[in-house]
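Here is the structure we will look at, set down as structure tokens.
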Amino acid sequence: MVVFFSVLFIVGEELGMTSRESIGRFIEHVHASPGGRSLVAGAVIGLLVVDILLPVPSSVVMILSGRLLGFSLGGSVSFAGALLAALLGFFGCRWGGQTVFTKLVGHRDGVKVKQWFEEYGVIAIILSRPVPMLTEILSCLAGLSKVNPATFISAAVLGTLPVCFVYSWFGAEGGPGLMAAVWVSIAIPAVGWVFTKWVKTRRQGVGSDSPK
């Protein structure tokens with residue numbers, strides 16, 4: 001899958017889709033046209049959906065979304081596009097890639113992938129949201145490994161939502177720097193996941209101590 005996405009990234013780079021300047025000029029041009037805000041929203045969602053296959057600089061798209069649409073709307077539009085991309089990767093592989101996946105890795109390794117996702121998949125999906133290529137690979141692997149859709153969607157939302165709104169805030173208000181926005185967008189879902197695990201562990205402990 002790394003090879004597959006790497007080839008797509010190379011193709012995308014040759015087509016100029018990885019250029020921050022090109023993406024920026026395109027969105028600014030859309031914004032300057034009649035009905036610009038609505039078209040910008042559509043362009044942002046479209047670019048983030050295409051990012052599941054081609055190396056669109058999603059951080060730049062989300063920052064521009066915040067700058068041109070404002071913090072709340074920009075973050076919401078980015079969230080819609082990023083989550084839609086994750087769902088397309090997940091359900092596309094769930095419905096169309098199972099047979100090929102089983103033939104490539106075999107039944108035994110397929111079971112191992114499923115077991116790994118049961119133990120580490122949620123935190124991996126959450127923390128991969130800001131990471132190029134890794135987020136696409138994990139979305140596809142989650143679909144192939146038969147992870148419960150509700151579990152995947154919950155993890156994708158938890159990881160995607162803060163990323164989109166941190167970048168939107170950075171675009172709308174101007175932040176301390178792009179890398180700071182990246183680290184904050186990783187830290188927020190990570191803290192949320194740790195807190196959720198802590199609450200779950202405490203509940204399990206209370207349940208085990210209750211009288212039979």
Side-chain angles (χ1 to χ4, degrees), residues 1-5 8 41-42 44-56 58-59 61-62 65 75-168 185-201 203-204 207:
M1 293 193 76
V2 171
V3 172
F4 172 75
F5 281 107
L8 291 178
V44 167
I45 291 174
L47 286 169
L48 292 175
V49 168
V50 170
D51 189 41
I52 192 68
L53 290 176
L54 295 174
V56 175
S58 57
S59 59
V61 174
M62 292 179 186
S65 181
S76 299
V77 168
S78 294
F79 175 68
L83 185 61
L84 181 57
L87 294 176
L88 286 174
F90 178 83
F91 286 107
C93 289
R94 171 65 52 93
W95 296 329
Q98 288 286 345
T99 303
V100 175
F101 179 67
T102 303
K103 287 182 178 179
L104 286 174
V105 303
H107 176 71
R108 181 178 298 178
D109 283 344
V111 171
K112 289 181 180 179
V113 172
K114 182 180 179 182
Q115 291 172 342
W116 184 88
F117 261 95
E118 289 175 351
E119 187 169 358
Y120 304 109
V122 172
I123 185 60
I125 292 166
I126 291 172
L127 296 182
S128 72
R129 293 300 96 184
V131 184
M133 191 185 297
L134 186 59
T135 182
E136 291 88 359
I137 290 174
L138 285 175
S139 293
C140 291
L141 276 179
L144 293 171
S145 63
K146 298 183 180 180
V147 170
N148 186 293
T151 300
F152 173 79
I153 292 170
S154 299
V157 168
L158 188 58
T160 303
L161 194 63
V163 172
C164 295
F165 278 92
V166 166
Y167 281 132
S168 182
S185 66
I186 293 174
I188 292 174
V191 170
W193 178 81
V194 171
F195 177 75
T196 303
K197 291 286 288 184
W198 177 75
V199 170
K200 184 178 180 181
T201 301
R203 286 178 177 174
Q204 290 174 343

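Everything numeric in this text was worked out from a predicted model, so none of it was measured.
Partner of M62 under the side chain to side chain contact (heavy atoms under 4.5 Å, CB included) criterion, out of V77, V44, L48: L48 alone.
With sequence neighbours excluded, the residues satisfying ring pair (Phe, Tyr, Trp, His ring centres under 6.0 Å) with F165 are F71.
The distance from the OG1 atom of T135 to the CD1 atom of I126 is 12.0 Å, given to the nearest 0.5 Å. With values rounded to the nearest 0.5 angstrom, L87 atom CG is found 8.5 Å from S139 atom OG. Atom CD1 of I153 sits about 10.5 Å away from atom CD1 of I125, to the nearest 0.5 Å.
The backbone N or O of V61 sits nowhere less than 3.5 Å from a side-chain atom of S65 that would complete a donor-acceptor pair.
Residue pairs meeting the ring-ring contact (aromatic ring centres under 6.0 Å, His included) criterion with at least one partner in residues 132-152, sequence neighbours excluded, are F90-F152.
Counting only heavy atoms from C-beta outward, the side chains of Y167 and S58 never approach each other to under 4.5 Å. The shortest side-chain heavy-atom distance between D51 and E136 falls under the 4.5 Å cut-off.
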Please set out all donor-acceptor pairs under 3.5 angstrom arising from side-chain atoms of residues 154-162, sequence neighbours excluded.
unit_1	atom_1	unit_2	atom_2	d
S154	OG	A150	O	2.8
T160	OG1	A156	O	2.6

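When every heavy atom of C164 is checked against every heavy atom of A82, the shortest pair comes out as SG-CB, 4.1 Å.
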